[in-house]
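Read the structure below first, then the notes.
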Amino acid sequence: MSAINAGGITNSLTTGRLPRGTVWMVLIGSWILLGIVFVLVQLAGGTKTFNLVGALFLGTVLFDILIFAISYLVEGVRKAKDRLMTSLVATAFIIAILPLVSLVYTVVLNGLPRMIQPSFFTESMRNVLGSGGGALHAIIGTVEITAFAALISVPIGLLTSIYLVEYGRGALATTITFLVDVMTGIPSIVAGLFAYALFALITGDVGYRSGFGGSVALSVLMIPVVVRSSEEMLKLVPNELREASYALGVPKWLTVLKIVIPTSIAGITTGVTLAIARVIGETAPLLIVVGYTSSVNYNLFHDRMMSLSVFSYTQYAQQGANAADFLNRAWAAALTLILIVMALNLIARLVARIFSPKLGR
Amino acid sequence: MTTGTPGAIKAKMRMGDRVFSGSTIIAGAIILAVLAAVAVFLIAQSIPALVARPGQLPNAAPNFWVYVWPLVFGTIWAAAIALIFATPISIGVALFISHYAPRRVAQLLGYVIDLLAAVPSVVFGLWGIQVLAPAVQPFYAWLNTNVGWFPLFDGQVSGTGRTILTVAIVLAVMILPIMTAVCREVFLQTPRLHEEAALALGATRWEMIRTAVLPFGRPGVVSAAMLGLGRALGETMAVAMVLSPAVVVSFFVLTSQNPNTIASNIALQFPEAAGLGVNTLIASGLVLFVITFIVNAVARFVVNRRKAFSGAN
């Protein structure tokens, strides 16, 4: 429509639009402006250090307002709204990323110096009151408790998902599906209370603490995750494979064992690994039913054990005379935990990528 | 498939089949048994607290309900504030990943957000108290002085930043990944034809999202919010470490007198509890279980209702 009266305009396609790069220039401009404002605030003594997060955040807000105003004047209200929403969506993303960056930065900065001291992996906290000591007892506890939880949950979870996909019809299957959903929502602390109540009743000892109780609590949290992910994976196996197997006269159970599970094993492994990654960092249930100790305890079925997450918490919560020693250990344990969880996540993704069967195309 | 011949051909029942299908049913039944056991054991252990006489309970509470009410209030209040923060941001991030960012970048960003979900809660607790609380305290003081007329910001401002608002921010960060994941899945399922039809009619990208994506995804957003709420209600360690608790029912979000949450109260009290104290804590855990059960059931109901009609597209 503007092409008719576009006499003096060189390119009618770009009339009524903001030139390229305007958005970025406005964004950087508003960041710089707010940066200057915060530098002035700092010089005036308003803040002790330069408030980078504040400058970035308020700069982005200023950008949102500016871009709406500029676009409204040049491009009209519809385009202006579109630009406003685009920048708001990007702002939301930046807000979501900020805590992650801050968290990773803090944990690495505070945890790394203590973690790379070899004693952290070779010593326990027995008879350690000040600096020194390590998380050996916590690492042993975490590995044992989590491994046993996986030992309980994987067979139950996998068999249940096979039941739901291959056998389950009618009321029982519907009930199990519903209850698995309910179990997904059980707060971790309630799982810990359950394990405690269970063992306190069985043993008659109200002060009951053991690593095995922790494994039971973690399996309550882990089973629904395993069921959900394995179920999704088993459903992905094409029915043609099952029918081809039946047509060759293979019984149903062998079809499941030799055809369905091998086809979906990569997905199932990924799901199990992610489930382990989810429960390995649990603190609350272990605090309740496993308790904490400063010595190495290899026996899962007797007495208190330490785990990395509880170690991190107790080092923070029960600081001794020199708080820095305890905080350093807490951060180092947190970093170790994050590294383990991230490694598990990476392994899960690698397994999924490398071993998944190439279906079709 | 029956072919119409009278008496369908029966397969021979094999031993292996019976054992295998039997064991899968047993595994399923174990799940039923576990949930029943959770309910039964929690109820059995909490009865002494429910029937306790005045003077026996902690905090000098006359009965269990008086004891648990500030905790229930704190749990719901903290989770509600967290939800108010997290909902718009997770919708924004989900839209950014599903409709704004380039495909390759979007996948990478999805991983980054998922990583946030993998961080253990005790690490969030450490971060919340060591980094976030000191960082926001000056801002709280400013809010309290200048916006104090707003009822929530009134009261004596906390000197440490360990308030329920800080807890809510930490909780919001923690529930963001799950909410984003659910929203993203739903937004990606929007029928391509609806989106292209809107664009073909001359809609801008935002108008396309408003008319095609958001109406389609609304039940998904609701269920994401409910799932996030369920997580926030049950979160323990981050709250236990960050909050400076008191036995109060207070809407002020900037003071150091904050209502505690059920989960955090259990984690803080349990290691030193004995006798009836243990029963009281277990009973409060039962209350938490019921609350999260209701929230999750509503979320599932919304999701399943959506499944019923999404096939029509």
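Every chain is numbered from 1 and lettered A, B, ... according to where its sequence line falls, protein lines coming before strand lines. Just so we're clear, the structure is a prediction, and the values are computed from it rather than from any experiment.
The salt bridge (Lys or Arg N to Asp or Glu O under 4.0 Å) analysis of residues 82-95 of chain A, with sequence neighbours excluded, yields the pairs A:Glu75-A:Arg83, A:Lys79-A:Asp82. Applying the side-chain hydrogen bond (donor to acceptor under 3.5 Å, both in side chains) test to every pair with at least one member in residues 98-108 of chain A, sequence neighbours left out, gives these pairs: A:Ser102-B:Trp127. A side-chain hydrogen bond (donor to acceptor under 3.5 Å, both in side chains) check over residues 262-274 of chain B, counting only residues at least two apart or in different chains, returns the pairs B:Tyr67-B:Asn265, B:Asn260-B:Ser264.
Between A:Ala197 and B:Gln45 the shortest heavy-atom distance is CB-CG, 3.5 Å. Heavy atoms only, all atoms of each residue included: A:Ser309 and B:Val122 are closest at O-CG2, 3.8 Å. The minimum heavy-atom distance between A:Ile176 and B:Gly28, with the atom names listed, is CD1-CA, 3.6 Å. Between A:Ala330 and B:Leu126, the shortest heavy-atom contact is O-CD1, 3.8 Å. Considering all non-hydrogen atoms of both residues, A:Ala334 and B:Val123 come closest at CB-CG2, 3.8 Å. The minimum heavy-atom distance between A:Ala92 and B:Ile89, with the atom names listed, is O-CG2, 3.7 Å.
Using a 4.5 Å cut-off between heavy atoms, A:Tyr167 contacts chain B through its side chain alone, with no backbone atom that close. Of the atoms belonging to B:Ala297, not a single heavy atom falls under 4.5 Å from chain A. With a 4.5 angstrom heavy-atom cutoff, B:Arg231 touches chain A only via side-chain atoms. Contact of A:Leu254 with chain B is not made at all, since no heavy-atom distance falls under 4.5 Å. If you measure heavy-atom distances from B:Thr292 to chain A, the contacts under 4.5 Å come from the side chain alone. With a 4.5 angstrom heavy-atom cutoff, A:Ile95 touches chain B only via side-chain atoms. Residue A:Leu257 touches chain B through its side chain alone, counting heavy-atom pairs closer than 4.5 Å. Using a 4.5 Å cut-off between heavy atoms, A:Val256 contacts chain B through its side chain alone, with no backbone atom that close. Both the backbone and the side chain of A:Ile156 come within contact range of chain B, judged by heavy atoms closer than 4.5 Å. Neither the backbone nor the side chain of A:Ile280 comes within contact range of chain B, judged by heavy atoms closer than 4.5 Å. For B:Thr236, the part lying near chain A is the side chain, with the backbone staying farther off; criterion is any non-hydrogen pair under 4.5 Å. Neither the backbone nor the side chain of A:Ser219 comes within less than 4.5 Å of any heavy atom of chain B. If you measure heavy-atom distances from A:Val104 to chain B, you find no contacts under 4.5 Å at all.
Side-chain N or O atoms of B:Asn296 include none that pairs as donor or acceptor with a backbone N or O of A:Val182 at under 3.5 Å.
Annotation: B:Gln107, atom CD; neighbour count of heavy atoms from other residues, nucleotides and ligands within 6.0 Å does not exceed 12. Surrounding CZ of A:Phe57 are at most 12 heavy atoms belonging to other residues, nucleotides or ligands under 6.0 Å away.
Considering only heavy atoms from C-beta on, A:Val190 stays 4.5 Å or farther from B:Ile266 through its side chain. Side chains of B:Gln130 and A:Trp331 form a contact here, defined as non-hydrogen atoms less than 4.5 Å apart. In this structure the side chain of A:Thr160 never reaches within 4.5 angstrom of the side chain of B:Thr24, judged on heavy atoms. Within the 4.5 Å cutoff, side-chain heavy atoms of B:Pro120 are placed close to those of A:Ile338. The closest side-chain heavy-atom distance from B:Thr204 to A:Met85 is not below 4.5 Å. Side-chain contact between B:Pro271 and A:Tyr292: present, with at least one pair of heavy atoms (C-beta onward) separated by less than 4.5 Å. Inter-residue side-chain proximity for A:Met183 and B:Val34 is flagged as met; some heavy-atom pair is nearer than 4.5 Å.
Between chain B and the residues A:Leu84, A:Asn345, A:Val107, A:Leu327, the largest count of heavy-atom pairs under 4.5 Å involves A:Leu327. The candidate with the highest count of non-hydrogen atom pairs below 4.5 Å against chain A, out of B:Val93, B:Leu95, B:Val131, is B:Val93. Interface summary for chain A: among B:Ile262, B:Leu233, B:Ile129, B:Val19, the most heavy-atom pairs under 4.5 angstrom belong to B:Ile129. Per-residue counts of heavy-atom pairs under 4.5 Å with chain A were compared for B:Ile31, B:Leu132, B:Val173; the largest is that of B:Ile31. When each of A:Ala173, A:Ser161, A:Gly185 is checked for heavy-atom pairs under 4.5 Å with chain B, A:Gly185 comes out on top. Residue with the most contacts toward chain B among A:Leu198, A:Leu159, A:Leu335: A:Leu159 (heavy-atom pairs, distance under 4.5 Å). Ranked by heavy-atom pairs under 4.5 Å with chain B, the list A:Lys252, A:Arg278, A:Arg349, A:Arg209 is led by A:Arg349. The choice from A:Ala90, A:Gly291, A:Gly281, A:Pro99 that makes the most heavy-atom pairs within less than 4.5 Å of chain B is A:Pro99. Taking B:Val170, B:Ile30, B:Leu109 one by one and counting their heavy-atom pairs under 4.5 Å with chain A, the maximum is reached by B:Leu109. For the set B:Gly16, B:Ala135, B:Ala39, B:Ala37, the count of heavy-atom pairs under 4.5 angstrom toward chain A peaks at B:Gly16.
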Problem set entry | A:Thr86 vs B:Trp206, side-chain contact (heavy atoms from CB on, under 4.5 Å): CA-CA, chis, key distance, verdict | CA-CA 8 Å; A:Thr86 307; B:Trp206 163 243; over 6 Å; no
Problem set entry | Test side-chain contact (heavy atoms from CB on, under 4.5 Å) applied to B:Ile25 and A:Leu172, step by step | CA-CA 9 Å; B:Ile25 292 180; A:Leu172 183 61; 4.3 Å; yes
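By a heavy-atom distance cut of under 4.5 Å, B:Leu176 are the residues of residues 175-183 of chain B near chain A, going up by number.
Distance OG/B:Ser121 to CD/A:Glu282: 6.0 Å, rounded to 0.5 Å. The structure places CH2 of A:Trp253 at 8.0 Å from CG of B:Asp17, a figure rounded to the nearest 0.5 Å. Here the OH atom belonging to A:Tyr313 is positioned 7.0 Å from the CE atom belonging to B:Met241, to the nearest 0.5 angstrom. Rounding to the nearest 0.5 Å places CG of B:Leu35 at 5.0 Å from CD1 of A:Ile186. Residue A:Ser188 holds its OG atom at 6.5 Å from CD of B:Glu235, rounded to the nearest 0.5 Å. In this structure, CG in B:Leu286 is found 13.0 Å from CZ in A:Phe194, a value given to the nearest 0.5 Å.
With B:Phe270 as the partner, the side chain to side chain contact (heavy atoms under 4.5 Å, CB included) test is satisfied by one option alone out of A:Ile189, A:Leu193, A:Val289, A:Leu287: A:Leu193.
Ring planes of A:Phe178 and B:Phe293: perpendicular class, angle over 60° (limits at 30 and 60°).
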